[in-house]
Amino acid sequence: MKARTGSRRHRVPALLIGTMLAGAGAPAWGQTLPTEVPATAPTTTAPAADSVRGTITRINVTGSQRLEPDTVRSYVKLRPGEAYDRESLDQALKDLFATELFADATIRADAGGVITIEVRENPVINRIVLEGNKRLKEDKIRPEIRLAPRQIFTRSKVRADVARIIELYRRQGRFAAVVEPKMVQLDQNRVDIVFEITEGDKSKVRQINILGNTKFSAGELRSEMATKQSRFFRFFSSSDTYDPDRLAYDQGKLRQFYLTNGYADFRVISAIAELTPDKRDFIITYVVEEGERYKFGEVEAESDIRDFKAETVKHLIPMKAGDWYDAKKVEDTVDSITQSAGLFGYAFAQVEPQFRRDPEARTMSLTFQVAEAPRVYVERIDINGNTITQDKVVRREFRLQEGDAFNSFLVKRSQDRINSLGYFQEKLEVKQSQGSAPDRVILTTNLEEKPTGELQLSAGYSSLERFIINASITQRNFRGKGQTLRASVDYSAYSKSIQLGFTEPYLFDRNIAIGGDIFRRDLNSFNFVNRDRNTTYSQVTTGFQIRVGVPLTEYWQAQARYGLSFDDVTLDKYRFYLDGQCSPLLAGRYLCDALGKRTTSSIGYSLVFNNLNNVLRPSKGQRFAIHQDFAGLGGSVKYLRNRIEGAKYWGVGGGFIFSVQGEGGYIMPLEKGTAGVDPIRLVDRFYLGEPQMRGFDIRGIGPRVKRYPLDITTTPGTPILITDKNQVTDDAIGGRYYYMARAELEIPLGSGARDMGLRPSVFVDAGAVWGVKAPTPIQNENGINIPIRDSAGNPLYSDGTANGSTTLPVRQDGTANPPLTQFISPFREIFYGDTLKPRVSVGFGVNWNSPFGPFRIDVAKALLKEPGDDTKLFTFNVGTQF
């Protein structure tokens, strides 16, 4: 890129020259594009200044392809009829290169005042190619690239794009990332630009040094920081990745920690992050000055608001003179006073703590000054961002209306109710802004809608149901009116169901919820024998339910329901019948009693208290409910079912969420049972186990009958009980009473794990189910024979050998049955688990919104159990969508 005067050339400043495209043209494939311009260029000999001088007669342009000659001429200040010299030619050359349109340019002054401008245009970009990027996908990088196809290639744009890509990687903690731009020459002066990326490893924080600390150890201070030292056990966390923004945040965390502990003069003198020579890790060094520790002096309150007196403010101040100074407590007190002023209708109350420091006495006195403010009324409620959801669906969740006196508590409650709808992205806020007058406030809700419809075809595997296929469609915000419409079909080896449902939360725009379901369920109960899962009884239920709910207060709600269902419970006649009847010796008396068709007509109600901040994923608040259902309003089943449940959630700081939950129930028969038969049917009782009680198998807790095979060949005349779990038939028969409690702590993870949808927790579960009328065995747990028969003389439970009744009852025609052993191997049945003693398990689990669908895994150990209970250490559920 040189200017020619006569037969010689002279040098142009290096900033405009570069060597990338000099001489032979653009580099071939694999040649690196320089991102820095050389500081110097070869020097040429220039003629004397007075030999380059004259008057321009004509300006010729050669070498241009896409640009018209007149366009090239317009970039320089040379004009025919004007004088030129060396300086004007140099300036013209600079002007040409300043356009960044040319790869090379020369200016030649010929005889007769003819100026010839010879140019070689920069190529046109054909496409942009990214190579080597694995950690950052193209959809993250391409928005940062300003170069685009059909644009003119320029080195400055390449340099800028390289810098932006590197900065993008640095934001991800990859400070060793290298971006090498290359160019591929094509025909018609076109090029492909290739960014070859070497991503490198994430730059970890190898060490955090703290200098100047004497009151607290370096370990204590590091525990307060968001940045952590790189350690092998932090593979799920991104907190050990270097982040310059986090460095500034940690300085604030250090200051907050010291101020919370009374060190009012604390300051961070310096914070330096040094990259190790291999560019793999950072070493961070803080230099701090702790200062002296202060106590609170006199703590006073003043208020200029007439209805919000200083005496009221004083009751909101927790600190006392002599307490160690705590800046966090001062902040919290300011927030508390501001919120309390909002309850009185003062939305813009200003609370200023006035500090009075005494360095000699090392005390910090302060006065909370509440400035005068007008009582505020709601001027307008603005709702933005809802393109599907109707305005009224959001407005009816507001506890304030336009014209009402402002109340900060009701604003917060409105925000929680809108979040609980589940129609919008989380962390929604109702913002307050000044209205048209000082006593007016505008409440603004900026919504970001999320999909509320689900159309799903899924297949999965469950430790309970084995392979599962599900097809469902749900719309939780049908037609944008907040209505719920759902339909589902489920199929597995042991259960099949179809269900249709609809709920209208505001009937005729009044706060009355109404809904209904129509369903059919086909359930096969089961037990395990020799590790095989065998069907015991089959229950087919068809019915419907109608529900109505009305609010009693802001937090209390009453619900009523009516349901009608038809049940048909059957057994495999080939396996469990003899002479056309269910055999207690083959099936068990409790199964034979459950057989038949029954109609259940029930009416029930619920009283529910709910002040959770988010119904879908609560972190604060509580829920309490009482349920009663009466079956006997017609039909053939009569009972009264009672249930009570409650839950409470706390945010315990640092993102941890602690919760306790409990429930219990009792079902009372309203009719007498026959001799030896419990009036509460097998299918109506309570059951407990997985998934409600982790650490136990499905229906693994409570009353059950276990059938043990007997070995009568090893020692003839003395049967041996076979206790191998794989050969024992285990049938849970449920109970009339149950209770269950749970304490759980959800553990926060780093942003990387949160992005993956991981939510781990530790828990303790406890519970029991009991109270069934015992099926009377002929042998108890101590091995004592109790030969008991029903009113017809049939043995209720028999071991087939030990009690002398080795044959079955006579047939209906009066002939004797053959020996029992021809029909069934000898066995002994024992009744277990009818006790209210608690079963307790502890463990940990992880919820993961995996790419394959929702995944839940639990590892739980049963600490307390009773004889007969079935425990289980490991459970999981996983599904996938396609």
Side-chain angles (χ1 to χ4, degrees), residues 135-136 166-178 198-294 324-329 331 651-656 745-756 758 760 762:
R135 300 297 181 180
L136 278 180
I166 290 177
E167 178 60 26
L168 196 62
Y169 273 97
R170 288 189 173 185
R171 290 181 207 158
Q172 301 292 322
R174 299 183 185 276
F175 284 79
V178 176
T198 303
E199 296 180 314
D201 295 327
K202 276 193 173 184
S203 298
K204 302 290 186 179
V205 177
R206 181 180 299 176
Q207 189 172 341
I208 299 176
N209 300 319
I210 303 175
L211 307 178
N213 57 305
T214 60
K215 309 299 182 183
F216 300 97
S217 69
E220 288 180 280
L221 299 180
R222 282 194 289 261
S223 68
E224 296 296 320
M225 299 179 183
T227 303
K228 304 298 181 184
Q229 297 181 129
S230 178
R231 297 295 183 267
F232 73 92
F233 52 81
R234 293 198 171 100
F235 56 89
F236 267 140
S237 174
S238 61
S239 60
D240 59 351
T241 301
Y242 175 71
D243 185 342
D245 295 333
R246 196 184 293 153
L247 187 68
Y249 175 76
D250 284 337
Q251 294 181 59
K253 291 287 288 183
L254 282 175
R255 177 169 173 76
Q256 180 183 359
F257 174 73
Y258 271 93
L259 291 179
T260 300
N261 285 278
Y263 294 88
D265 296 328
F266 172 84
R267 65 193 183 101
V268 179
I269 297 175
S270 66
I272 301 173
E274 298 176 292
L275 188 62
T276 56
D278 59 5
K279 293 186 178 182
R280 293 178 60 88
D281 297 319
F282 276 87
I283 297 175
I284 301 175
T285 302
Y286 295 93
V287 180
V288 302
E289 183 180 305
E290 294 178 319
E292 299 296 335
R293 195 177 188 188
Y294 283 72
W324 289 112
Y325 173 72
D326 186 339
K328 180 67 165 56
K329 191 176 290 186
E331 276 185 36
V652 292
F656 289 87
L745 180 66
E746 185 175 315
I747 303 170
L749 296 177
S751 58
R754 284 198 303 270
D755 293 342
M756 292 171 61
L758 290 173
V762 293

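All values below were derived from every heavy atom in this structure, side-chain atoms included, with hydrogens, water molecules and symmetry-related copies excluded. Count residues from 1 along the sequence. All figures in this text were calculated on a predicted structure; none of them were measured in a lab.
- Of the possible donor and acceptor atoms, none in the side chain of S230 sits under 3.5 Å from a partner among the backbone N and O of K204.
- Summarising the local packing, OH of Y249 is surrounded by 12 or fewer heavy atoms from other residues, nucleotides or ligands at distances under 6.0 Å.
- To the nearest 0.5 angstrom, M225 atom CE is 9.0 Å from Q251 atom CD.
- Taking CD1 from I269 and CD from E289, the interatomic distance works out to 5.0 Å, rounded to the nearest 0.5 Å.
- Atoms CG and CZ, on L254 and R222 in that order, are 11.0 Å from each other to the nearest 0.5 Å.
- Across every non-hydrogen atom of K215 and G291, the tightest pair is CE-O, 4.5 Å.
- For the residue pair S223 and K228, the shortest heavy atom distance occurs at O-NZ, 3.2 Å.
- Atoms NZ and CG, from K253 and D250 in turn, are 8.5 Å apart once rounded to the nearest 0.5 Å.
- Rounding to the nearest 0.5 Å gives a distance of 11.5 Å between CZ of F175 and OG1 of T276.
- When side chains are defined from C-beta on, L247 does not count as touching T227, because their heavy atoms never get closer than 4.5 Å.
- With hydrogens and angles ignored, the 3.5 Å screen pairs a side-chain donor or acceptor of Q229 with a backbone N or O of I208.
- Of all the heavy atoms in N261 and R293, the pair that sits closest is O-NE, 2.8 Å.
- For the residue pair I283 and N209, the shortest heavy atom distance occurs at CG2-ND2, 3.7 Å.
- Around atom CZ of R135, no more than 12 heavy atoms belonging to other residues, nucleotides or ligands sit under 6.0 Å away.
- Judged purely by distance below 3.5 Å, without hydrogens or angles, the side chains of E274 and T285 never pair a donor atom with an acceptor atom.
- Aromatic ring pairs are classed by plane angle as parallel below 30°, tilted from 30° to 60° and perpendicular above 60°; the pair F266 and Y258 is parallel.
- Here the straight-line distance linking atom OH of Y169 with atom CG of L136 works out to 4.5 Å at 0.5 Å rounding.
- Of all the heavy atoms in I210 and N213, the pair that sits closest is O-OD1, 3.0 Å.
- The backbone N or O of T214 lies less than 3.5 Å from a partner atom in the side chain of E290, making a donor-acceptor pair.
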